[in-house]
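Please read all numbers here as calculations on a predicted model, not as lab measurements. Proteins get letters first, then strands, A, B, ... in listed order; numbering begins at 1 in each. Computation of the quantities below employed the complete heavy-atom set of this structure, encompassing side-chain atoms and omitting hydrogens, waters and symmetry-equivalent molecules.
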Protein chains: 2
Amino acid sequence: MAVTKVRRGKPRQSEERGLSLETVVTAALAAIDRVGLDAFSVRSLAQMLQVYPTAIYWYVPNRNALLAHVVKLALREVMPETDPRDWEAFLTELFRRYRAAVKRHPNIAPLIGAQLVSNAGVDFTLVDRIIEALEHAGFAGDKLLAAFDVVIAAKVGFVTVEFANLPAEDALRWAETMRETVDALDRERYPHLHRHKVRLKNRHFILRWENGVTVPLDKSFEAYVYATIQGLRQLLVR
Amino acid sequence: MAVTKVRRGKPRQSEERGLSLETVVTAALAAIDRVGLDAFSVRSLAQMLQVYPTAIYWYVPNRNALLAHVVKLALREVMPETDPRDWEAFLTELFRRYRAAVKRHPNIAPLIGAQLVSNAGVDFTLVDRIIEALEHAGFAGDKLLAAFDVVIAAKVGFVTVEFANLPAEDALRWAETMRETVDALDRERYPHLHRHKVRLKNRHFILRWENGVTVPLDKSFEAYVYATIQGLRQLLVR
DNA sequence: ACCTGAACACCGTTCAAGT
DNA sequence: ACCTGAACACCGTTCAAGT
């Protein structure tokens, strides 16, 4: 806990009913969780907090910087408890914890995977541990650098796609169109696809109109984690 | 070719100087390539085409639908030439072609990976071939469904992260901050990370301030493709 | 230090009207 | 059928002013 100055008289506005970076970012994450990324605006956030839109700009230089803070807040708890020296267990836990964090705040998925801003909020201690794990796995030199990218891409990739955001406005109409498109896929033109259609339909990538929030891809994710770990093993012995 | 009515007199406006869905979508992709996704607007597109903003809405119901068309246009040529029965070569070519397509239009990367709208523009013949490849690999039943998701996630995942968009406005200031952050990483706190810092710096995920456009991750991508194929092999024999 | 208040230059989208 | 033209309800951000 930081040392606090002794206060006398009435408390300063910023503690009683005023803002702080923390309250702004927390409120922003809550708003995004509720209304989605498209509908979220600095102005609506200001209204929630009962201040002028410009008050936000005291704590944050612009919208992007605010979103970077939001991402950081949402990804607080991805650090695995496993010892990095047990690299397979460590990475498996990392992948699962990351997915769990995004699942709690699915609307920010596009921000993390697809925007470089998110790098600003990265926990470098976590990065350090990942490299420690890869070193213990036996990676070194150029191979280690490549393995690092493989791990990061694997960590972010599946989950970003699983929780890809739905179209904001015309979600219902869009879902109906998608459903009809899938239903219309016929055996003559798509023989292999058609064979698995009923099982793929809205239950797996591409042929779906809902995302991981309502239709989680648990089994596929576990297969992906397994495949990634095994792939890294093979990379090691290549 | 569709049958065309016999025309007499001067040509209809839509052929001479008017719009069409094709010209609108082509112009939109060109605009996004040039100015980026954030700066792109329906209004600026209209200005480019020398029409009122509302003219666009004759061809497209809304901005999202326009973007879905743009994605479809950009991903025209990802179908591999390899026979799907040679599943490893087929998937490898798929991953490479997909990456090459995104590399040509990096600004749309966030749209494909992180927005479900992109599913609307998917080539189902390609999906059919992917399943054919997986069947020939020996996948069946639930395993095939999981393998399918693994392939899609792998295809989209790495590339989405590699071409993650930079912050629009304050790109220079942001890059400088990021560079300083990386430089400041010290040996005491991040011993493993520090050991590889100079090689990781702006050359690999997370510790970078440029994306795949200026700093392509070719070697890491090839490692990722290899790891994914090997991972699928292991999935098969599990 | 922290917020109000007005203003600027934009958005996406709707609706009615023209040709 | 295809586009103009005006209008609506928003944006993010800047800047000066208040306390």
Side-chain angles (χ1 to χ4, degrees), chain A residues 4-5 7 9-25 27-28 31-32 35-70 111 115 117 167-171 173-174, chain B residues 4-5 7 9-25 27-28 31-32 35-70 111 115 117 167-171 173-174:
Chain A
T4 341
K5 284 187 200 164
R7 270 179 272 97
K10 64 176 179 185
R12 281 163 53 227
Q13 214 181 28
S14 59
E15 299 179 21
E16 186 83 325
R17 55 166 203 79
L19 300 176
S20 68
L21 179 59
E22 207 196 334
T23 56
V24 168
V25 173
I32 291 170
V35 303
L37 209 58
D38 288 353
F40 172 77
S41 70
V42 176
R43 289 184 108 105
S44 64
L45 174 63
Q47 199 166 21
M48 273 182 57
L49 295 167
Q50 311 236 52
V51 294
Y52 273 72
T54 46
I56 310 285
Y57 286 81
W58 178 258
Y59 298 95
V60 130
N62 53 51
R63 188 183 198 266
N64 264 328
L66 173 58
L67 293 178
H69 277 108
V70 167
L111 241 44
Q115 300 296 140
V117 215
E169 321 97 51
D170 49 354
R173 268 197 356 103
W174 180 84
Chain B
T4 341
K5 284 187 199 164
R7 270 178 273 96
K10 64 176 179 185
R12 280 162 55 226
Q13 214 182 29
S14 60
E15 299 179 22
E16 186 83 325
R17 55 166 204 78
L19 301 176
S20 69
L21 179 59
E22 207 194 335
T23 56
V24 168
V25 173
I32 292 170
V35 304
L37 208 58
D38 288 354
F40 171 77
S41 70
V42 176
R43 288 183 108 105
S44 64
L45 175 62
Q47 200 168 20
M48 274 182 58
L49 295 167
Q50 311 236 53
V51 293
Y52 272 72
T54 47
I56 310 287
Y57 285 82
W58 179 259
Y59 299 95
V60 130
N62 52 52
R63 189 183 197 265
N64 264 327
L66 173 57
L67 294 178
H69 276 109
V70 167
L111 241 44
Q115 300 297 141
V117 216
E169 321 97 51
D170 49 355
R173 271 198 352 106
W174 179 84

Of the non-hydrogen atoms in [X] and [Y], which two are nearest, and what is the gap between them?
X	Y	value
B:Ala31	B:Met48	CB-SD, 3.7 Å
B:Pro53	B:Ala46	CA-CB, 3.4 Å
B:Asn62	B:Val60	O-CG1, 3.1 Å

Between [atom2] of [N] and [atom1] of [X], the distance in whole Å:
X	N	atom1	atom2	answer
A:Leu67	D:dG12	CG	C1'	12 Å
B:Leu45	C:dC10	CG	C1'	16 Å
B:Ile56	D:dG5	CD1	P	16 Å
B:Gln47	C:dG12	CD	C1'	16 Å
A:Asn64	D:dT13	CG	C1'	13 Å
B:Gln50	D:dC2	CD	P	20 Å
B:Leu37	C:dC11	CG	P	14 Å
B:Phe40	D:dC11	CZ	P	21 Å

Nearest-neighbour nucleotide for the [X] side chain, [options] considered:
X	options	result
B:Arg43	C:dC3, C:dT13, D:dC3	C:dT13
A:Ser44	D:dC11, C:dT13, C:dC11	D:dC11
A:Tyr52	D:dC2, C:dC2, C:dG5	C:dG5
B:Ala55	C:dC3, C:dT13, D:dC3	D:dC3
A:Val42	D:dG12, C:dC3, C:dC11	D:dG12
A:Arg63	D:dG12, D:dC2, C:dG12	D:dG12

OP1 or OP2 of D:dC3 versus the side-chain N and O atoms of B:Tyr59: is any pair under 4.0 Å?
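The answer is yes; a side-chain N or O of B:Tyr59 sits under 4.0 Å from OP1 or OP2.
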Is there a side-chain contact between B:Trp58 and the phosphate of D:dC2, meaning an N or O under 4.0 Å from OP1 or OP2?
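Checking D:dC2 against B:Trp58, a side-chain N or O does come within under 4.0 Å of OP1 or OP2.
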Going by the rule side chain to side chain donor-acceptor pair (under 3.5 Å), which residues pair with B:Ser41 if we only count those two or more places apart in sequence or in a different chain?
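Checked B:Ser41 against side chain to side chain donor-acceptor pair (under 3.5 Å); matches are B:Ser44.
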What residues form a side-chain contact (heavy atoms from CB on, under 4.5 Å) with [X], not counting sequence neighbours?
X	answer
A:Ala28	A:Phe40, A:Leu45, A:Leu66, A:Val70
A:Gln47	none
B:Val42	B:Ile56, B:Tyr57, B:Arg63
B:Thr23	B:Leu19, B:Ser20

Duplex segments of DNA chain C, taken as runs of at least three Watson-Crick or G-U pairs that stay under 3.5 Å:
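As far as DNA chain C goes, consecutive pairing (with distances under 3.5 Å) yields the stems C:4-8 with D:12-16, C:12-16 with D:4-8.
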When rounded to the nearest Å, what value does the distance between C1' atoms of C:dC8 and D:dC10 take?
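The answer is 15 Å between these two C1' atoms.
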Same-atom distance (P) from D:dA9 to C:dA9, integer angstrom:
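Between the two P atoms, the distance is 22 Å.
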Which protein N or O atoms sit under 3.5 Å from an N or O of nucleotides 14-19 of chain D?
none

At what distance, to the nearest 0.5 angstrom, does OG1 of B:Thr54 lie from CZ of B:Arg43?
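Taking OG1 in B:Thr54 and CZ in B:Arg43, the distance rounds to 9.0 Å.
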Just how far is it from atom CD1 of A:Ile32 to atom CG of A:Leu37, taken to the nearest 0.5 Å?
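Reported value, rounded in 0.5 Å steps: 5.5 Å.
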